[in-house]
Protein chains: 2
Amino acid sequence: MIELRHLRSLQAIEREGSLARAAETLHLTQSALSHQIKALERYYGTPLYLRSTRPLALTAAGMRLLTLAGEVLPAVDAADAALRRVADGRAGRLHIAIECHACFDWLLPVLDRYRQDWPDVEIDIRPGFGFDAVPALARGDLDLVISSDPRAGRELVFEPLFDYEARLVLADGHPLARREFIEPADLREETLITYPIERSRLDVFAKFLQPAGVEPRAIRQVELTAIILLLVATRKGVAVLPDWVLAASSQGGFITRPLGPGGMRGTLHAAIRRSDGEAAWMQAFIADCRAKAAPA
Amino acid sequence: MIELRHLRSLQAIEREGSLARAAETLHLTQSALSHQIKALERYYGTPLYLRSTRPLALTAAGMRLLTLAGEVLPAVDAADAALRRVADGRAGRLHIAIECHACFDWLLPVLDRYRQDWPDVEIDIRPGFGFDAVPALARGDLDLVISSDPRAGRELVFEPLFDYEARLVLADGHPLARREFIEPADLREETLITYPIERSRLDVFAKFLQPAGVEPRAIRQVELTAIILLLVATRKGVAVLPDWVLAASSQGGFITRPLGPGGMRGTLHAAIRRSDGEAAWMQAFIADCRAKAAPA
DNA sequence: TCAAAAATATGAATAAAACTCATGATAGAG
DNA sequence: CTCTATCATGAGTTTTATTCATATTTTTGA
C-alpha cells in the first residue's frame with residue numbers, strides 16, 4: 001500500500017533530479033530509494049520511471065503519483081504544524097460554558113483580551129448545557145466550565161478564580177437601605193428581580209430565602225444586568241447580584257447591602273480536565289480570569 | 001512520522017465507534033490500533049483521544065487529524081484507482097508525433113474512433129519534434145511516432161502499419177497522364193507542389209529526383225492536402241502523394257501515375273517503446289491504425 | 001568506439017517497525 | 001458493586017524498510 005513516505009520520495013527525486021541526491025536530502029541511501037520505488041512499481045504492476053534514461057524519467061503513472069504528492073503533502077504538513085502548536089501549548093480548544101449567568105459581565109472582556117494573545121486557541125462559548133456542563137466537560141464536549149460549586153474528581157480540576165460576595169441591590173433611599181445587613185424576612189414584601197433561570201440555581205433562594213422559608217412578594221425575570229440595575233434604581237424591585245457586577249457598572253442610583261450578618265460569599269471556579277491543566281494556553285486563560293478587568 | 005495508515009485508522013475508528021470494530025474492518029487487531037494511536041500521540045506529544053471516556057472521544061488535536069484524513073484520503077484513493085487502470089491496460093498516455101505530414105489524413109479519423117473506446121487514454125498530437133521524434137520517444141516525451149523508416153533498437157519497437165505507394169498526381173488530360181509510369185526527367189518542366197517541410201524529408205527528392213540529378217521547374221509549398229489536390233486539378237502543378245490520400249479523397253479532376261517502373265513504395269510504422277508494447281490500449285491503437293478507415 | 005564516470009539495480013544481511021497474543025486495567029451499565 | 005464492553009500494555013513474532021557491498025546500465029568524452 002502506498003504511504004506518505006513514498007510520495008515524499010517521489011517529490012525529492014523530482015526536486016533533486018537523481019536518486020542519489022534525493023537520498024541525501026531524505027537521509028536515506030540511494031539503494032533505499034531504489035528499493036522503495038521498485039516496491040511501488042511491483043504493487044501497482046506498472047513502471048513509474050523509464051529505466052533506459054539517466055537520470056530517470058517519469059512515466060504517466062509516475063506523474064500521476066507526483067501530482068498526488070503535490071495535492072496531499074502540503075495538507076499533511078499543515079496539519080503537522082498545527083499539531084506541533086498544540087503540543088507546545090500555543091494552540092488548543094477552549095469551549096466554555098458558564099453556570100453563573102452574571103459571569104458574562106467579566107468573562108467577555110477577559111476573552112476579548114485573551115484571544116489577542118493566543119490566536120491559535122479556538123474559543124467558543126457554548127450555551128445550553130445547564131447543569132450538565134460538568135459531565136460534558138468530562139466527555140470532551142467542553143473544555144472549561146465557570147462554576148461556583150467545586151466537585152473535583154480524578155479527571156477534573158476546579159481552579160479557584162476569585163471570591164465574590166452576593167449583595168442585595170436596592171434603590172437609593174429604599175427603606176431597607178438603613179439596615180446594616182439584610183435578613184430573609186426583609187424580602188417578604190419586595191419584588192425580586194432575577195436572571196431568567198430556575199430558582200434552584202439561584203443562590204438567593206437556595207442559600208438564603210429557602211432555608212428561612214421566606215418567599216418574596218413577587219419575582220420578575222430579566223435577561224440583562226444593565227436592565228436589572230435600571231429597574232432597581234427606578235424602584236421596580238430589588239436584586240441580588242455578585243459584587244463584581246456592581247464594581248464594573250457605571251450606572252448609579254442604587255446601593256448594596258450584605259445578605260445576612262456575614263454576607264453571602266462564594267468562590268468562582270474554572271472547572272477543567274486535568275489533562276488540559278498543564279497547557280500554556282489554559283494556564284494563561286486562568287491567569288487572565290484571575291486578573292479579570294486588569295488594564296489591557 | 002505520520003503515515004496514511006494512521007489516517008485510515010482514525011477514519012475507521014470514527015466510522016465504527018470503537019477500536020475493536022475498527023480493527024476488524026482494517027483486518028488488524030484491537031491491540032494494533034491501540035499501539036498505533038499511542039505511537040502517534042507520543043510522536044506529537046499530545047493526546048488524540050480522551051481516555052476517561054468509553055468509547056474514546058476525540059480531542060481537538062485528534063479532530064484536526066481526522067479532518068486531514070478527510071482531505072487527503074479521497075485524493076489518494078482516486079490516484080490509486082487511476083494507477084490500477086494503468087496497470088490493467090485501460091489507461092495510458094498516447095502522445096503522438098508524425099514524421100509524415102500527409103498522415104493527418106488517416107490519423108485523425110482513427111484517433112476520433114479510438115478515443116471513444118479508450119476514454120482513460122490521454123491522447124495528444126505533439127508538433128515540433130521533427131526528426132528528433134524517435135529520441136524523444138526513448139526519453140519518454142512521446143509515446144508513439146508515425147514513421148516510414150524503421151530503426152528499431154533494444155528499447156524501441158517499430159510496428160508495421162500498412163504499405164503505401166507514393167504516386168504522381170496530375171490533372172486529367174495532363175500530357176504526362178499518357179505515360180504508364182513517370183521518370184525523374186519528366187518533372188523537369190513541372191511545378192511540384194509539396195507540404196511545407198524541408199526537401200531532405202520529402203521522399204520525392206530523397207529517393208526519386210535527387211538520385212537522378214533532376215530539379216523541377218518550380219516548387220510550391222502548401223499546407224493542406226485538399227488544397228494541393230485543388231491546385232493539381234486546376235493545372236497549377238503536380239504533386240506526389242501517398243495512395244491513401246487519394247483513396248480517401250472525394251475530390252476529382254486528377255489521375256495518378258507510379259514513380260518509376262515499379263512505383264515508389266514504403267511501409268508506415270508506429271514506433272513505440274518496448275515497455276508499452278504489451279499494453280492493451282497500445283495494441284488496440286495499433287490495430288485501429290492498421291484497420292484505418294474501417295467502418296465505425 | 002571504447003573506456004571512464006555517473007547513475008541505478010540487486011541480493012543478502014541488518015535494523016526497524018508494525019503487528020499479535022495474552023493479559024491487565026478501566027469505564028459505564030444494571 | 002459486579003459484570004461487560006472497551007481499551008492498554010509488554011513480550012514475542014513477523015513483516016517491512018534500510019543498509020552494505022557490488023553488479024549493471026547509461027552517458028560522456030576522448
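Below, chain A is the first sequence line, B the second, and so on; all start at residue 1. The model shown is predicted, which means the values in this text are computed figures rather than measured ones.
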Close N/O contacts between protein and nucleotides 28-30 of chain C (under 3.5 Å):
none

Anything under 3.5 Å between a protein N or O and an N or O of nucleotides 9-13 of chain D, put it in a table, one pair a line.
from, atom 1, to, atom 2, distance (Å)
D/dT9, O4, B/Ser31, OG, 2.9
D/dG10, O6, B/Ser31, OG, 3.4
D/dG10, O6, B/His35, NE2, 2.8

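A ring-centre distance under 6.0 Å is found for A/Trp106 and A/Phe162.
The phosphate of D/dT6 has OP1 or OP2 within less than 4.0 Å of a side-chain N or O from B/Arg21. Phosphate proximity of C/dA27 to A/Arg154: present, with a side-chain N or O under 4.0 Å from OP1 or OP2.
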Can I get a per-line list of side-chain donor-acceptor pairs under 3.5 Å for residues 134-141 of chain B, giving both atom names and the distance, sequence neighbours left out?
from, atom 1, to, atom 2, distance (Å)
B/Arg139, NE, B/Asp141, OD2, 3.1
B/Arg139, NH2, B/Asp141, OD2, 3.0

What donor-acceptor contacts under 3.5 angstrom involve side-chain atoms of residues 6-15 of chain B, with partners at least two apart or in another chain?
from, atom 1, to, atom 2, distance (Å)
B/His6, ND1, B/Glu3, N, 2.9
B/Arg8, NH1, B/Asp77, OD1, 3.3
B/Arg8, NH2, B/Asp77, OD1, 3.2
B/Ser9, OG, B/Arg5, O, 3.1
B/Ser9, OG, B/Gln36, OE1, 2.3

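Summarising the geometry, atom CD1 belonging to A/Ile272 is positioned 10.5 Å from atom CZ belonging to A/Phe285; distances are rounded to the nearest 0.5 Å. Atom CZ of residue B/Arg64 and atom CG of residue A/Leu83 lie 7.0 Å apart, to the nearest 0.5 angstrom. Going from atom CD1 of B/Ile146 over to atom NE2 of B/His101 covers 14.5 Å, rounded to the nearest 0.5 Å. From B/Leu94, atom CG reaches atom CG of B/Leu111 across 7.0 Å, with rounding to the nearest 0.5 Å. A distance of 10.0 Å separates CD of B/Glu122 from CH2 of B/Trp281, quoted to the nearest 0.5 Å.
The local environment of OH in B/Tyr195 is crowded, with over 12 non-hydrogen atoms from other residues, nucleotides or ligands closer than 6.0 Å. In B/Glu278, the CD atom is not crowded: 12 or fewer heavy atoms of neighbouring residues, nucleotides or ligands sit closer than 6.0 Å. Within a 6.0 Å radius of CZ in A/Arg151, other residues, nucleotides and ligands contribute more than 12 heavy atoms.
Proximity of residues 59-70 of chain A to DNA chain C (heavy atom under 4.0 angstrom from any strand atom) is not detected for any residue. Interface residues of residues 39-48 of chain B facing DNA chain C, ordered by number: none; criterion, heavy-atom separation under 4.0 Å.
Between the P atom of D/dT6 and the CD atom of B/Glu16 lies a distance of 12 Å, rounded to the nearest Å. Between A/Glu3 atom CD and D/dT18 atom P the separation is 11 Å, expressed in whole Å. Between B/His27 atom NE2 and C/dC19 atom P the separation is 13 Å, expressed in whole Å. Here C/dA17 presents its P atom at 11 Å from CZ of A/Arg5, a figure rounded to the nearest Å. For the pair A/Ile37 CD1 and D/dT18 C1', the interatomic distance rounds to 14 Å; values are reported in whole Å. As a whole-Å value, the separation of B/Leu19 CG from C/dA27 P is 15 Å. The nearest whole Å value for the distance from the NE2 atom in A/His6 to the C1' atom in D/dT16 is 10 Å. Note: CE (A/Met1) to P (D/dA17) measures 13 Å, nearest angstrom.
When heavy atoms are screened at a 4.0 angstrom cut-off, A/Leu33 is found touching no nucleic acid atom at all. Using a 4.0 Å heavy-atom criterion, one finds that B/Ala20 contacts the sugar-phosphate atoms exclusively.
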Practice item. Take A/Thr59 and B/Val86, measure what side chain to side chain contact (heavy atoms under 4.5 Å, CB included) needs, and give me the verdict at the end. Key: CA-CA 11 Å; A/Thr59 63; B/Val86 170; over 6 Å; no
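The existence of a salt bridge linking A/Asp88 and A/Arg84 is excluded, since no basic side-chain nitrogen approaches an acidic carboxylate oxygen closer than 4.0 Å. Using a cutoff of 4.0 Å between basic side-chain nitrogens and carboxylate oxygens, B/Glu99 and B/Arg201 are not scored as salt-bridged.
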